[in-house]
Amino acid sequence: MTVYRLGYVAMSVNLQNASPSQTMTLKSFKKINDWEAAVRRLERIAKSNIQNCLRLLKHNKAHEVDFFRLSSRLVPLATHEELTKWDYMAALKESLKELGRFSEANGMRVDFHPDHFVVLNSPDKEIFQVSLDVLKYHYLLLRYMGLSPDHRCVIHLGGRYADKEQSLERFIDHWAEVPKGIQKMLIIENDDTSYTLENCLYVCEKLNIPQVFDIHHHLANHDGESWEDHWPRVVNSWSHSPLPVKMHISSPKSEKEFKAHADYVDVDLLLDFVKKTNGSAEQIDCMIEAKKKDNALFKLTNELKKHPNIEMQTQSSFRWKD
DNA sequence: ATAGGTCAAGGAAGA
DNA sequence: TCTTCCTTGACCTAT
């Protein structure tokens, strides 16, 4: 029987003044005439973001939530070309270490999902290079947290650029230029406009990359495929990973705005997924992507508790019993 | 104090 | 080939 574990994304709607993604724009950075002072301000913001992450993990621990996506905006302007000589790790390594220690000590799975501006299949060399820089930043955050970066960073295949098949092959070509450590960090998710689950599986199997199945994206972009047919391949793509299979789940905001995320996740969508995948793996981690963040997770678990076939294991994990 | 505008990015889709 | 929209939380500006 499969254990299903729920997690959520980046921030809590319950904790006050705990943003992990406070920022500073380049514009306001430049307004400060003293470069050193401006950098110190950036470092203060970054430290506060990391400390707020720790608060979030403690909040999660209190609710037995041990699966969480960290914000990618912990260090503002970290990858900006105008700040390449800023050694941000010198100021942040202690806070990062503490964050990593806490997550390890409490058996938490934490990971990242940089936004869609990371495009490894871009034909533009500069965009490819900037994408690598952003990935390296994520790699360093994990390293300084003292965590193995393996399979902790979700990305998409990228753009279509008029010729989808050729662009998909370009991802494979570019992969050879991605440093080994970063290769091992990456996992691939099907997206809602271009690359379907099967497109991604083709790449994942070729390059030995775990596949993250996003059911909402699949419903928006499936090309007639049924995910159930491909599910064994998804599970198999994780066979060489020390981490459990991971999937994303969210409900459409409305029929009209189908691709946008709703406040909460429809419990029936999750139950349907559970019924169809039960027994396929030891554990499946389900990332709740909803506007109401942790409240969406809590609402789901409250609904699950009432279901006759659900047996809660902890406050955020459960099993299906026949 | 608060509302509405702006910011940053790359790509898709429409004009 | 161009413009507009998408997405996101938070910052910024005007009231």
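Lettering of chains follows the sequences in order, A, B, ..., and the numbering in each one begins at 1. Both backbone and side-chain heavy atoms feed into the values below; hydrogens, waters and symmetry mates do not.
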Engineer: Side chains of Ser28(A) and Thr25(A): any donor to acceptor distance under 3.5 Å?
Structural biologist: yes

Engineer: Between Met11(A) and Arg41(A), which has a closest nucleotide on DNA chain C that is more 5'?
Structural biologist: Met11(A)

Engineer: Given 3.5 Å as the limit, does a donor-acceptor pair link the side chain of His156(A) with the main chain of Val118(A), or not?
Structural biologist: no

Engineer: Tell me which residues in residues 19-40 of chain A put a heavy atom below 4.0 Å from DNA chain C, sorted by number, or none.
Structural biologist: Ser19(A), Ser21(A), Gln22(A), Thr23(A), Ser28(A), Lys31(A)

Engineer: Report yes or no: do Ile182(A) and Leu140(A) belong to one cluster of Ile/Leu/Val/Met/Phe/Trp/Tyr joined by side chain heavy-atom distances under 4.5 Å?
Structural biologist: yes

Engineer: Find out whether the Lys NZ or Arg CZ of Lys85(A) is both under 6.0 angstrom from the six-membered ring centre of Trp35(A) and within 45° of the ring's axis.
Structural biologist: yes

Engineer: First contact, last contact: which nucleotides of DNA chain C are these for chain A, 5' to 3', heavy-atom distance under 4.0 Å?
Structural biologist: dT8(C) to dT13(C)

Engineer: Does a donor on one side chain and an acceptor on the other come within less than 3.5 Å for Asp133(A) and Thr79(A)?
Structural biologist: no

Engineer: Can you list, by residue number, the residues of residues 111-129 of chain A that have a non-hydrogen atom closer than 4.0 angstrom to DNA chain B?
Structural biologist: His116(A), Phe117(A), Val119(A), Ser122(A), Ile127(A)

Engineer: Around atom CD of Gln283(A), are there more than 12 heavy atoms from other residues, nucleotides or ligands closer than 6.0 Å?
Structural biologist: yes

Engineer: In this structure, how many angstroms lie between the P atom of dA8(B) and the CG atom of Leu83(A), rounded?
Structural biologist: 14 Å

Engineer: Looking at Glu257(A), is its backbone amide N or carbonyl O close enough to the side chain of Ser254(A) to form a donor-acceptor pair, meaning the two atoms are under 3.5 Å apart?
Structural biologist: yes

Engineer: Do Asn199(A) and Asn190(A) pair up side chain to side chain, a donor and an acceptor below 3.5 Å, judged on atom types alone?
Structural biologist: no

Engineer: Only one of His218(A), His230(A), His248(A) passes ring pair (Phe, Tyr, Trp, His ring centres under 6.0 Å) with Phe213(A); say which it is.
Structural biologist: His218(A)

Engineer: Looking at Arg73(A), does any N or O in its side chain come under 4.0 Å of the phosphate oxygens OP1/OP2 on dA8(B)?
Structural biologist: no

Engineer: Does the side chain of Thr277(A) come under 3.5 Å of the side chain of Tyr4(A) through a donor N or O and an acceptor N or O?
Structural biologist: yes

